[in-house]
Number of protein chains: 2
Amino acid sequence: MALSLVELIAHKRDGGELAEAEIERLVSAFGVGELADYQMSAWLMAVYLSGMTTGETVALTRAMLHSGTVVDLSAIPGFKVDKHSTGGVGDKVSICLAPLVAACGVRVPMVSGRGLGHTGGTLDKLEAIPGFRTDLDVSEFIRIVGEVGTCMMGQTKEIAPADRRMYALRDVTATVESIPLIVSSILSKKLAEGIDGLVLDVKVGRGAFMRDETRARELAETLVRVGTGAGKKVSAILTDMNAPLGRAVGNANETREALAVLQGGGSEDLVECTLALGAEMLLVSGVFATEEIARRELTMALSSGRAARVLERMIAAQGGDPLVVEHPDRLEVLPGEPVLAQEAGFVAAIDALEIGLAAVALGAGRTRADRAVDPAVGISIESKPGQHVERGEPLARIHARNPSDAAPVFERVRRAFRLSDGASPQRPLVLGRVGSGIGGVS
Amino acid sequence: MALSLVELIAHKRDGGELAEAEIERLVSAFGVGELADYQMSAWLMAVYLSGMTTGETVALTRAMLHSGTVVDLSAIPGFKVDKHSTGGVGDKVSICLAPLVAACGVRVPMVSGRGLGHTGGTLDKLEAIPGFRTDLDVSEFIRIVGEVGTCMMGQTKEIAPADRRMYALRDVTATVESIPLIVSSILSKKLAEGIDGLVLDVKVGRGAFMRDETRARELAETLVRVGTGAGKKVSAILTDMNAPLGRAVGNANETREALAVLQGGGSEDLVECTLALGAEMLLVSGVFATEEIARRELTMALSSGRAARVLERMIAAQGGDPLVVEHPDRLEVLPGEPVLAQEAGFVAAIDALEIGLAAVALGAGRTRADRAVDPAVGISIESKPGQHVERGEPLARIHARNPSDAAPVFERVRRAFRLSDGASPQRPLVLGRVGSGIGGVS
């Protein structure tokens with residue numbers, strides 16, 4: 001005899017494993033209101049404390065995925081691959097990465113999110129482009145992916161509605177930080193894009209969701225295992241998020257820096273992150289045999305301007321001004337006031353969390369999901385970790401809407417910089433890799 | 001800085017201990033809707049899995065107690081003591097116990113519940129008495145306790161409303177069987193009666209909420225520790241609930257047997273349970289020095305008819321027919337059809353759970369809280385454990401409203417009896433005792 005819904009909660013409470021059909025039943029009962037919010041939240045707490053097996057997490061991912069629309073990209077030939085980042089400060093990679101990979105012949109359908117708390121969101125950054133629309137419907141999304149090779153839209157209500165409701169519960173019941181729940185939430189939304197493969201950028205450090213490298217590796221491994229179990233080609237790289245990525249923080253400011261990458265510029269760490277993820281996406285797609293070949297192809301797509309042309313076509317297709325690609329200064333960023341070094345030294349560390357929170361205080365981010373952001377404010381990092389500064393040289397610049405916003409932020413940004421007398425060795429950006437079907441971490 | 005409500009959930013999730021003020025805040029926020037049902041249920045699951053200390057359980061008991069009306073019995077002189085049973089099959093003890101203890105000079109204010117599932121409820125049994133009202137208001141309750149010495153009413157909406165809402169959540173979120181939650185639920189309601197002392201009858205066995213003796217002892221010890229921590233005189237006895245208590249199951253049937261005890265009759269185990277609990281109540285009240293003296297006083301109150309007179313006055317005060325005390329056959333019980341032994345032997349065991357469920361199938365109990373019960377149906381045990389029966393002699397009798405109800409019950413009742421060739425030693429009824437301020441179990 002099938003267990004009742006309450007018995008399914010009890011089974012997980014007692015550390016038992018639920019069958020695929022049982023997890024499907026919980027999620028579908030939740031969808032129709034047969035399982036109430038207060039029952040789901042008790043189950044989520046039981047999952048938080050008792051964990052889930054890979055099989056259960058695959059089943060939960062599938063059940064949430066099929067709670068809504070799954071985009072059908074089967075009419076578009078070739079491999080479709082996306083990238084998902086667990087979120088960080090200054091992470092504008094998607095904007096340059098998607099057109100770059102598309103320029104190498106692999107389709108990149110991308111459903112993105114908005115910023116919340118200290119981490120930014122790709123949609124907010126894209127909307128700094130005049131006219132750019134992210135509220136596409138699914139048929140427009142499919143058409144643009146087919147015609148341009150990539151498209152970036154916001155999550156619609158039709159995609160994984162069970163995940164949206166479960167996440168809202170987790171947010172207020174202290175059940176967010178559970179690896180199986182994080183994994184099924186990420187993958188259910190990403191798999192709903194109709195992709196064949198996925199590369200995950202799991203950020204580690206002060207400005208990341210996962211501050212601890214062991215936990216981050218566990219998350220990366222679980223993402224790859226569950227994504228593979230759900231029938232996709234998946235791999236993950238772990239990247240450092242102790243300092244902000246690149247030099248720009250804030251919406252238009254970050255979009256400008258992503259555009260600079262497509263023009264052969266951008267700071268070294270940002271370019272490396274873009275190339276590492278791009279190579280991984282090309283390898284996952286099976287189009288190129290080695291990382292070396294993939295990187296060479298990406299570099300050619302950059303230097304030839306092919307990647308920039310793809311982004312221009314995508315921006316035009318989504319109603320935006322394609323001239324921003326050649327002229328990033330068409331994106332308004334408010335004038336920057338410098339934060340000066342009080343003493344000379346080497347920049348040993350920049351606290352990404354503090355920089356992220358300072359940017360939120362300026363209006364670049366939001367503390368509640370229903371708030372708007374100011375595209376023109378932000379922070380520019382002038383001195384990156386490893387660099388030497390003299391006393392009185394700028395550590396960063398603050399782009400504020402008005403002086404009263406800027407005043408409390410100055411000291412916060414200054415304190416985010418840690419200076420040392422000697423040059424200290426810097427961590428590499430890419431800390432590890434977890435491959436689909438490989439299982440191990442390198 | 002005070003933790004947010006979500007942080008309080010997280011703290012319990014991580015196995016932390018909450019301060020008294022933090023638990024008060026959770027319960028009061030729940031009362032005003034600031035803490036939603038889905039947040040409370042996540043906290044309840046965290047408590048289920050992480051446990052609570054004695055201090056936390058005392059704080060939760062107090063917070064739920066003060067979520068509603070606390071009856072003020074201070075105008076009535078003397079010690080007030082109540083008894084609470086964790087529920088069993090055939091447990092009609094309250095009906096003879098309360099007037100018996102009141103006849104010894106100690107006040108017994110008693111707020112009782114209804115039956116649910118296989119366990120019966122005192123209110124349903126009392127309502128088998130024509131005219132008897134249990135829906136008193138608090139002022140009537142206080143008056144009758146003062147004038148008669150005892151009164152039995154149903155729980156009003158004003159008593160411990162937080163417990164009622166939390167219990168409703170626990171019931172559908174698999175968080176019922178948590179000792180700290182059980183203890184705070186029981187004690188918050190009982191302490192709201194305005195009592196000075198409480199004796200708990202923790203039932204152990206097949207027909208009890210706690211089937212396992214170790215868990216039952218843990219429950220008894222926690223009840224005593226938390227009740228004492230809340231400033232009351234509390235003790236507990238553990239009693240066997242593998243077989244039904246006494247011979248009668250069903251509402252009028254059980255009330256008849258309780259009345260028989262007051263007339264010097266009733267089966268041996270039922271009388272022993274009544275005297276053991278009565279002696280404990282008198283000891284807790286401090287009126288008598290030893291169990292021997294207390295038992296002698298109780299026996300005199302029974303044989304003199306004083307206890308019966310108290311019950312007559314209580315029934316009259318609550319609108320019922322007091323003549324039932326002298327004439328229990330005024331309570332209608334339907335004619336009984338015998339269940340005959342298929343073979344000769346000694347009754348080794350009677351499965352109380354099966355007998356309880358069979359009585360529910362006849363209409364004596366309810367499977368949902370909003371259902372009515374049939375007072376005249378039930379089961380009478382003809383052969384108690386340890387007795388010898390010949391083939392064709394009755395094991396039990398079934399009092400059914402109509403033959404179609406009875407048919408499926410016959411075989412179930414027969415199978416509930418286990419016969420053996422030789423006489424097996426019977427467990428004592430009282431399995432142990434946990435005393436207030438003593439701490440140990442004897």
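Everything numeric here is computed off the predicted structure, so don't read it as measured data.
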Legend entry - Rounded distance [0.5 Å steps], CD in A:Q39 versus OG1 in B:T175: 10.0 Å

Inset, instruction - Mind ranking B:S4, B:A36, B:S41 by heavy-atom pairs under 4.5 Å with chain A and telling me who comes out on top? - result: B:S41

Inset, instruction - Give the minimum heavy-atom separation between B:L49 and A:S50, together with the two atoms involved. - result: CD1-OG, 4.4 Å

Inset, instruction - Quick one: pull up OH in A:Y48 and CE in B:M45 and give me the separation to the nearest 0.5 Å. - result: 15.0 Å

Inset, instruction - Name the member of A:L5, A:V6, A:L35 that forms the most heavy-atom pairs with chain B at distances under 4.5 Å. - result: A:V6

Legend entry - Shortest non-hydrogen contact from A:Y38 toward B:V172: CE1-CG2, 3.6 Å

Legend entry - Proximity of residues 8-15 of chain A to chain B, residues having a non-hydrogen atom under 4.5 angstrom: A:I9, A:A10, A:R13, A:D14

